Colleague: 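I'd like to ask some things about the structure below.
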Amino acid sequence: MSHLMNTYNRQPVAFVEGKGCYLTDTEGKVYLDALAGIAVNTLGHAHPSLLNALNRQAGRLLHVSNIYRIPEQEALAERLAGISGLSEVFVCNSGCEANEAAIKLARFYGHKKGITLPSIIVMEHAFHGRTLATLSATGNGKIQAGFEPLVPGFIRVPYGDMDAVREIASHNRDVVAVMLEIIQGEGGINLASDEYLIALRTLCDEHDWLFAVDEVQCGMGRTGKWFGFQHAGILPDIMTLAKGLGSGVPVGACLAGGRAAGLFGPGNHGSTFGGNPLASVAALATIETIEAEGLLVNATQMGDWLKRELTAALASVTGVREIRGRGLMLGIELDRPCSELVVKALEAGLLINVTRDTVIRLLPPLIFSEVEARELVGKLVPLIRNFLKG
Ligand SMILES: *Cc1c(COP(=O)(O)O)cnc(C)c1O
């Protein structure tokens with residue numbers, strides 16, 4: 001531990017094995033995983049389909065280079081285009097990298113239109129990553145503090161406030177894109193309404209802006225559809241993915257369509273590891289397994305069940321502000337900071353998370369069953385009740 005850079009407040013537990021929605025620690029204690037490595041382990045742990053695909057690929061070819069054709073990456077791009085309605089994919093390794101690609105794409109689009117100092121409208125409480133450009137796009141002063149000067153070219157507005165965006169549109173000629181999460185994850189499970197997303201899409205069209213959505217956390221089936229934007233019946237120009245895309249193997253993607261397609265040429269962007277055969281196969285197996293096992297429907301059903309049960313058990317409890325979310329991306333907002341609940345849950349054999357100090361965040365694997373959902377409610381509700389009494 002002492003030789004690691006001190007970048008995380010780590011719980012004093014280490015896991016040695018996982019199976020489905022359960023993890024086992026070094027002492028042999030078993031935990032129900034309602035966090036999935038923060039929306040990463042889409043298929044839970046040690047899913048046979050993913051395991052077989054990875055084993056097969058690892059025995060053949062791990063890595064070549066993007067200076068060669070990579071059929072697995074081409075197949076992944078085709079699948080992602082098919083389920084999203086966007087037409088092009090850049091494959092990378094993480095969420096911040098996917099967003100870096102999106103930001104570069106938006107700037108490049110601006111320069112092609114003759115805008116030399118392009119700006120991107122971003123949201124309060126947004127989270128887009130920890131690289132310099134993505135932390136500058138992030139709407140959280142704690143994440144930015146100490147790393148100034150920030151990357152310029154971002155204009156911030158309140159999430160959900162259409163008037164604020166219209167006001168900027170009325171006078172600013174340097175805007176090239178709007179970028180937001182369909183559901184803000186780190187920002188506390190905040191949902192964009194369909195009307196807001198439709199109005200943003202319309203405004204982007206009127207002003208020739210790109211509409212970019214960061215679905216790093218809410219994409220890949222988590223909300224019950226492949227992508228969060230699909231609930232609103234819109235199509236963005238750019239979408240970024242990572243977290244759940246490879247079910248635990250690091251892989252990210254920046255997708256483009258419409259006016260954002262066809263912009264980059266050779267030399268404009270790249271990545272050594274991005275979309276190597278192993279990572280591409282992990283993402284392909286994830287998509288195929290979500291389809292084969294009906295996990296979009298499962299995310300909807302389990303999410304609805306959890307929301308209903310949690311609401312029934314907690315709605316009248318003083319101190320519970322709101323239970324919200326979509327599919328298996330749920331938040332329980334309390335009226336006070338509650339990070340100690342993470343420790344209490346750990347003791348009770350349950351993995352959860354708290355974000356923005358007061359929001360309990362649930363992001364279970366998409367294979368979550370009703371038995372597991374019952375166990376989650378059975379463990380979590382008494383913890384919350386006791387905490388709020390104390
Ligand atoms: C986690 C996250 C990121 C950053 O992803 P990394 O893989 O950690 O770089 C970006 N955007 C959203 C919405 C996220 O939840």
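Whatever order the structure lists ligands and atoms in, that order sets their numbers, starting from 1. Remember, predicted model here, so these are calculated numbers, not experimental data.
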Colleague: Counting both backbone and side chain atoms, is some N or O of V216 under 3.5 Å from an N or O of ligand 1?
Modeller: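 In this structure, V216 places no N or O atom under 3.5 Å from an N or O of ligand 1.
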Colleague: Is there a side-chain contact between V317 and R385, using heavy atoms and a 4.5 Å cut-off?
Modeller: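 Yes - at least one pair of side-chain heavy atoms lies under 4.5 Å apart.
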Colleague: Which protein non-hydrogen atom lies closest to atom 7 (O) of ligand 1, naming both residue and atom, and how far is it?
Modeller: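 Residue, atom and distance for the closest contact: G95 N, 2.8 Å.
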Colleague: Just checking, any donor-acceptor pair under 3.5 angstrom between side chains of T223 and H231?
Modeller: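 Side chains of T223 and H231: pair found under 3.5 Å.
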Colleague: Could you tell me which atoms of ligand 1, counted from 1 in the order shown, lie closer than 4.0 angstrom to a heavy atom of S94?
Modeller: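 Listed by number with element, the hits are 7 (O), 9 (O).
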Colleague: So for ligand 1, is G129 a polar contact partner (N or O within less than 3.5 Å, distance only)?
Modeller: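 Min N/O separation from ligand 1 is not below 3.5 Å for G129.
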Colleague: Give yes or no for whether the N/O distance cutoff of 3.5 Å, strictly under, is met between E181 and ligand 1.
Modeller: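 Among all N and O atoms of E181, none is under 3.5 Å from an N or O of ligand 1.
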Colleague: Among Q184, E181, R222, E186, which residue meets the side-chain hydrogen bond (donor to acceptor under 3.5 Å, both in side chains) test with Q217?
Modeller: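 It is E186; the other options fail the test.
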Colleague: Quick check against the 3.5 Å criterion: does R356 have a side-chain atom that pairs as donor or acceptor with the backbone of G187?
Modeller: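 Checking the backbone N and O of G187 against the side chain of R356, a donor-acceptor pair under 3.5 Å is found.
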Colleague: Out of E186, Q184, K243, who gets a non-hydrogen atom closest to atom 15 (O) of ligand 1?
Modeller: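 Result: the heavy atom closest to atom 15 (O) of ligand 1 is in K243.
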Colleague: Taking 4.0 angstrom as the limit and counting only heavy atoms of C96, give me the atoms of ligand 1 inside it, by number and element.
Modeller: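 Those atoms are 4 (C), 5 (O), 6 (P), 9 (O).
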Colleague: For atom 11 (N) of ligand 1, grab the closest protein heavy atom and report residue, atom and distance to one decimal in Å.
Modeller: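 Here the closest protein heavy atom is D214 OD2, 2.8 Å.
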Colleague: If we count only N and O atoms by modelled type, under 3.5 Å, do the side chains of T134 and N99 hold a donor and an acceptor together?
Modeller: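 No, N99 and T134 have no side-chain donor paired with an acceptor closer than 3.5 Å.
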Colleague: Would you say the side-chain atoms of S247 and T286 include a donor-acceptor pair closer than 3.5 Å?
Modeller: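 Indeed, the side chains of S247 and T286 share at least one donor-acceptor pair under 3.5 Å.
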Colleague: For K112, look at atom NZ and say whether over 12 heavy atoms of other residues, nucleotides or ligands are found less than 6.0 Å away.
Modeller: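 Enclosed.
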Colleague: For ligand 1, which atoms sit closer than 4.0 Å to a heavy atom of N99?
Modeller: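 Listed by number with element, the hits are 10 (C), 11 (N).
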